[in-house]
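To start, the structure itself, in structure tokens.
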Amino acid sequence: MTARELDAAGITEPALRAAYARCRLLNARHGRTYFLATRLLPVERRPAVHALYGFARWADDIVDSLEADVPPHHRATALLALQEGLERGLRGAGGSEPVVVALADTARRYGIPHRHFRDFMAAMRSDLTVTDYPTYDDLRAYMHGSAAVIGLQMLPVLGTVVPREEAAPHAAALGVAFQLTNFLRDVGEDLDRGRVYLPADLLRSHGVDRDLLGWSRRTGRRDRRITAALRAFADLTRDVYREAAPGLAMLDPVARPCIRTAFVLYGGILDAVADDGYAVVHRRAVVPRRRRAAVALDGLVRLAAARAAARRAAPQVPPRPPTGLPGPLGEPPARAREHEEVA
């Protein structure tokens, strides 16, 4: 399947093919939801999505490794090296890290503004020192770089039937919704890393603080105040999904089944958390395999319908393809910024 995707995308140089294959492997291994949804994209667009995810996954692993013997300054050094390699790659100066090689090629092919990648790296650097967020506004500022820009990076690859700037706020909101979902699902694991992504003001409004969360994680005991705070965070996350939803119809019809599948699967994590009694401080919620299979099947049916419609007649409003190559500072000439699996 990898060779077929690369051939369809016109990626022929052996080292570049190997770089994309490495990104695809990272996606398949660490992002089962993302990987499943990506299989619903037109085959020639899949390598670009693998490159975007693979780079994000690589940076995130530098920051979030649970290996106790990796001191913070080593993580900072590794992240700086990745940043420097990224800058060289975006300038067309080559690079040795496969995820950078593939990312730089994808950015060039699709005219993705380079500032989206720089904003992402800034968010990754903040994770080395910032361990909590006083307010939801503070968390949203962080998520611009860590999540919203991922949606913005994806837009040129997916294509739109409206001006890209009209779809951009919804794409950014979807990236944020996915990350908020991950934050809720991973509360316990993030506590083990010394981080709390639930806003302190939301927690405080329900009588919860970091110490209470830590006590619950250590002892395995439940507290109704924590449950209430987690439920409120889930409600907030559902609001962001509602912000994102109108953007689905703005995408190229053949790309919609992919993103709709991810939308439904990630939203299903919220349902699984609720069904498990908001016990995420102690364990990950699990989306049943039967549910995942049903969503994937629905995506395949929708994809078949979209392809059939595209064959029958040209769309009245054609998708807007990427235009132009990046300029010297990484911006396209005409401007139109986990992760994670379902456990």
Side-chain angles (χ1 to χ4, degrees), residues 2 18-38 47-90 95-107 116-131 142-151 153-154 175-176 178-197 262 266 269 284 337-343:
T2 302
Y20 274 101
R22 173 61 176 161
C23 292
R24 186 181 189 275
L25 180 62
L26 288 169
N27 195 353
R29 181 178 300 166
H30 297 290
R32 286 182 290 173
T33 297
Y34 234 60
F35 187 71
L36 176 62
T38 300
V49 177
H50 294 319
L52 295 174
Y53 180 88
F55 179 83
R57 177 76 258 178
W58 193 263
D60 192 62
D61 281 350
I62 291 174
V63 173
D64 278 349
S65 172
L66 285 173
E67 296 179 18
D69 58 345
V70 180
H73 68 277
H74 285 181
R75 300 177 195 266
T77 299
L79 207 57
L80 177 60
L82 183 62
Q83 173 81 53
E84 293 173 346
L86 171 66
E87 295 295 340
R88 289 193 299 271
L90 293 176
S96 58
E97 196 67 71
V99 295
V100 171
V101 172
L103 182 78
D105 184 69
T106 290
H116 296 333
F117 305 115
R118 294 175 180 130
D119 287 350
F120 173 76
M121 291 301 294
M124 293 300 97
R125 289 194 300 273
S126 75
D127 268 334
L128 296 175
T129 56
V130 179
T131 61
Y142 161 76
M143 287 190 296
H144 165 74
S146 65
V149 297
I150 304 298
Q153 292 168 19
M154 286 282 290
V176 170
F178 287 169
Q179 185 160 70
L180 288 171
T181 302
N182 288 336
F183 287 160
L184 181 63
R185 182 196 61 192
D186 298 341
V187 168
E189 293 178 11
D190 287 330
L191 282 167
D192 293 342
R193 298 183 178 105
R195 298 200 198 107
V196 176
Y197 287 105
Y266 266 90
I269 297 175
R284 274 190 173 199
R337 168 171 174 85
E338 321 339 173
H339 319 288
E340 291 271 355
E341 82 249 26
V342 176

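Keep in mind that what you see is a predicted model, and the values were worked out from it rather than measured.
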- [ ] Take Asn182 and Tyr197 through the test side chain to side chain contact (heavy atoms under 4.5 Å, CB included) and record every step on the way to the result.
- [x] CA-CA 10 Å; Asn182 288 336; Tyr197 287 105; over 6 Å; no
- [ ] Verify side chain to side chain contact (heavy atoms under 4.5 Å, CB included) between Leu191 and Val187, making sure each step is shown before the conclusion.
- [x] CA-CA 6 Å; Leu191 282 167; Val187 168; 4.2 Å; yes
Task: Candidate pair Met124 and Ile62, rule side chain to side chain contact (heavy atoms under 4.5 Å, CB included), full reasoning - done: CA-CA 9 Å; Met124 293 300 97; Ile62 291 174; over 6 Å; no
TODO: Output, in order, the C-alpha distance, side-chain angles, deciding distance and verdict of side chain to side chain contact (heavy atoms under 4.5 Å, CB included) for Leu180 and Met143.
DONE: CA-CA 9 Å; Leu180 288 171; Met143 287 190 296; 3.6 Å; yes
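When Val130, Val63, Leu79 are each tested for a side-chain contact (heavy atoms from CB on, under 4.5 Å) with Arg125, only one passes: Leu79.
Put simply, the side chain of Ile150 does not reach to within 4.5 Å of the side chain of Leu52, judged on heavy atoms. Side-chain contact check for Arg24 versus Thr38: every heavy-atom pair is 4.5 Å or farther apart. In this structure, Phe117 and Met121 have side chains that are not in contact, with every pair of non-hydrogen atoms separated by 4.5 Å or more. Counting heavy atoms from C-beta on, the side chains of Trp58 and Val100 never come closer than 4.5 Å. Counting heavy atoms from C-beta on, the side chains of Val196 and Thr131 never come closer than 4.5 Å.
For Val99 against Gly54, the heavy-atom pair with the smallest separation is CG1-O, 3.8 Å.
Rounding to the nearest 0.5 Å gives a distance of 9.5 Å between CG of Asp190 and CZ of Arg185. With rounding to the nearest 0.5 angstrom, the SG atom of Cys23 is 10.0 Å from the CZ atom of Phe55. Distance check: Gln179 CD to Phe183 CZ gives 3.5 Å after rounding to the nearest 0.5 Å. Here Tyr266 contributes atom OH and Thr181 contributes atom OG1; the two are 8.0 Å apart, rounded to the nearest 0.5 Å. The CG atom of Asp127 lies 7.5 Å from the CG atom of Asp60; values are rounded to the nearest 0.5 Å. If you take CD on Glu97 and CG on Leu82, they are separated by 7.0 Å, rounding to the nearest 0.5 Å.
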